[in-house]
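Just so it is clear: chains get the letters A, B, ... in the order the sequence lines come, proteins before strands, and each one is counted from 1.
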Number of protein chains: 2
Amino acid sequence: MEIIYDGPVPPHKQIAAWLRTRIESGEFSPNQRVPAETAIVQEWGVARTTARRAVAVLRDEGLVYTIQARGTFVSAERQERSPEGS
Amino acid sequence: MEIIYDGPVPPHKQIAAWLRTRIESGEFSPNQRVPAETAIVQEWGVARTTARRAVAVLRDEGLVYTIQARGTFVSAERQERSPEGS
DNA sequence: TTTCATTTGTCCGTATGTATT
DNA sequence: AAATACATACGGACAAATGAA
């Protein structure tokens, strides 16, 4: 994946979408830590501000929550669809 | 039990919860010694600092008291909710 | 008394990770 | 992008106290 800078979608939203997909695919369990900002910076070669903004998007959506000095974690109640079965 | 490192609850709090449960279940009598820091280290595979911090949590709660070079013991008056006489 | 083992107490440095400015 | 602060974990080293040999 690569960031498209001359497109209509700002970089941080592209990264947010990528992270959202990973989370919703079940790659991360509820309350599990997601990649740190520095990891995002490394992986995408963007500024930290951009990585932070991307995480902020998901936080605003309620998909993740952040604990200072510990990390950002997948929200436990992030089911849009009823899981059904337990 | 296993320590979850990429979760929102820090290791020392996970261990503290585990110890608290054992104590409150009555496994240890009042004034009886609880597992030493080194025992916690052995059992959980964590650093001693982490074990110490876990014990410190229960000490702060008043559930146990510590005597240097002797160990940490279950508080005798740990079911009181209202202190009297001070 | 000296020695040893055990256990807690203290301090050092290193690493990871987020938050703020 | 960088510095600083904060939270937390790891590892090592040594001190201090206790009790037993």
Side-chain angles (χ1 to χ4, degrees), chain A residues 2-3 5 10-20 22-23 27-76 78, chain B residues 1-20 22-23 27-76 78:
Chain A
E2 275 217 357
I3 298 288
Y5 288 97
H12 73 273
K13 286 192 179 178
Q14 294 178 45
I15 294 175
W18 160 80
L19 230 188
R20 190 186 303 111
R22 291 182 65 183
I23 292 173
E27 180 176 339
F28 305 103
S29 314
N31 295 312
Q32 186 179 348
R33 193 166 52 205
V34 301
E37 295 173 356
T38 51
I40 294 175
V41 168
Q42 291 287 318
E43 186 154 354
W44 291 88
V46 296
R48 184 151 179 201
T49 335
T50 304
R52 284 181 61 74
R53 221 172 314 198
V55 173
V57 170
L58 303 190
R59 191 162 44 233
D60 289 345
E61 292 175 1
L63 194 62
V64 299
Y65 63 93
T66 298
I67 298 179
Q68 187 172 45
R70 272 206 68 74
T72 296
F73 308 83
V74 177
S75 297
R78 86 219 182 300
Chain B
M1 273 265 216
E2 274 220 354
I3 298 289
I4 298 172
Y5 287 97
D6 62 348
V9 181
H12 73 273
K13 287 190 179 177
Q14 295 179 45
I15 294 175
W18 159 80
L19 232 186
R20 189 186 305 111
R22 291 182 66 182
I23 292 173
E27 181 176 340
F28 304 103
S29 313
N31 297 314
Q32 186 182 345
R33 206 181 69 181
V34 301
E37 295 172 356
T38 51
I40 295 175
V41 168
Q42 292 287 319
E43 185 154 356
W44 291 88
V46 295
R48 198 182 143 216
T49 353
T50 304
R52 280 182 64 71
R53 224 175 311 216
V55 173
V57 169
L58 303 190
R59 191 162 45 234
D60 288 346
E61 293 175 359
L63 196 61
V64 299
Y65 62 92
T66 299
I67 300 178
Q68 181 171 1
R70 295 229 49 229
T72 296
F73 308 82
V74 177
S75 299
R78 76 196 193 309

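Under the side chain to side chain contact (heavy atoms under 4.5 Å, CB included) criterion, B:E27 pairs with B:R22, B:S25, not counting sequence neighbours. Residues that satisfy the side-chain hydrogen bond (donor to acceptor under 3.5 Å, both in side chains) test with B:Y5, not counting sequence neighbours, are absent from this structure. Legend: residues meeting side-chain hydrogen bond (donor to acceptor under 3.5 Å, both in side chains) with A:E43, ordered by chain and number and at least two apart, are absent.
As the counterpart of C:dT3, D:dA20 is assigned, both hydrogen-bonding distances of the Watson-Crick or G-U wobble pattern falling under 3.5 Å.
As a whole-Å value, the separation of B:Q14 CD from D:dA7 P is 19 Å. Rounded to a whole Å, the OH atom of B:Y65 is 18 Å from the C1' atom of C:dG9. In this structure, B:I4 atom CD1 and D:dT8 atom C1' are separated by 16 Å, rounded to whole Å. Put simply, CD1 on B:I40 is 13 Å from P on D:dA9, counting in whole angstrom units.
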For residues 46-54 of chain A, dump all side-chain donor-acceptor pairs below 3.5 Å to protein atoms at least two apart in sequence or in another chain.
{"unit_1": "A:R48", "atom_1": "NE", "unit_2": "A:E37", "atom_2": "OE1", "d": "3.0"}
{"unit_1": "A:R48", "atom_1": "NH2", "unit_2": "A:E37", "atom_2": "OE1", "d": "3.0"}
{"unit_1": "A:R52", "atom_1": "NH1", "unit_2": "A:E37", "atom_2": "OE1", "d": "3.4"}
{"unit_1": "A:R52", "atom_1": "NH1", "unit_2": "A:E37", "atom_2": "OE2", "d": "2.8"}

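Each salt bridge (charged side-chain N to carboxylate O under 4.0 Å, His left out) pair with one or both residues in residues 59-74 of chain A, not counting sequence neighbours, appears once here: A:R20-A:E61.
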Spell out protein contact along nucleotides 10-21 of chain C as letters: B when the base is contacted, S when just the sugar-phosphate is, - when no protein heavy atom is under 4.0 Å; keep the 5' to 3' order. B------BBBB-
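Across all strands shown, B:V46 has heavy atoms under 4.0 Å from sugar-phosphate atoms exclusively, and none from any base.
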As a quick check of understanding, evaluate side chain to side chain contact (heavy atoms under 4.5 Å, CB included) for B:V55 and B:I40, giving each step before the final call. CA-CA 10 Å; B:V55 173; B:I40 295 175; 4.0 Å; yes
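At D:dT8, none of the side-chain N or O atoms of B:H12 fall inside 4.0 Å of OP1 or OP2 (strictly under the cut-off).
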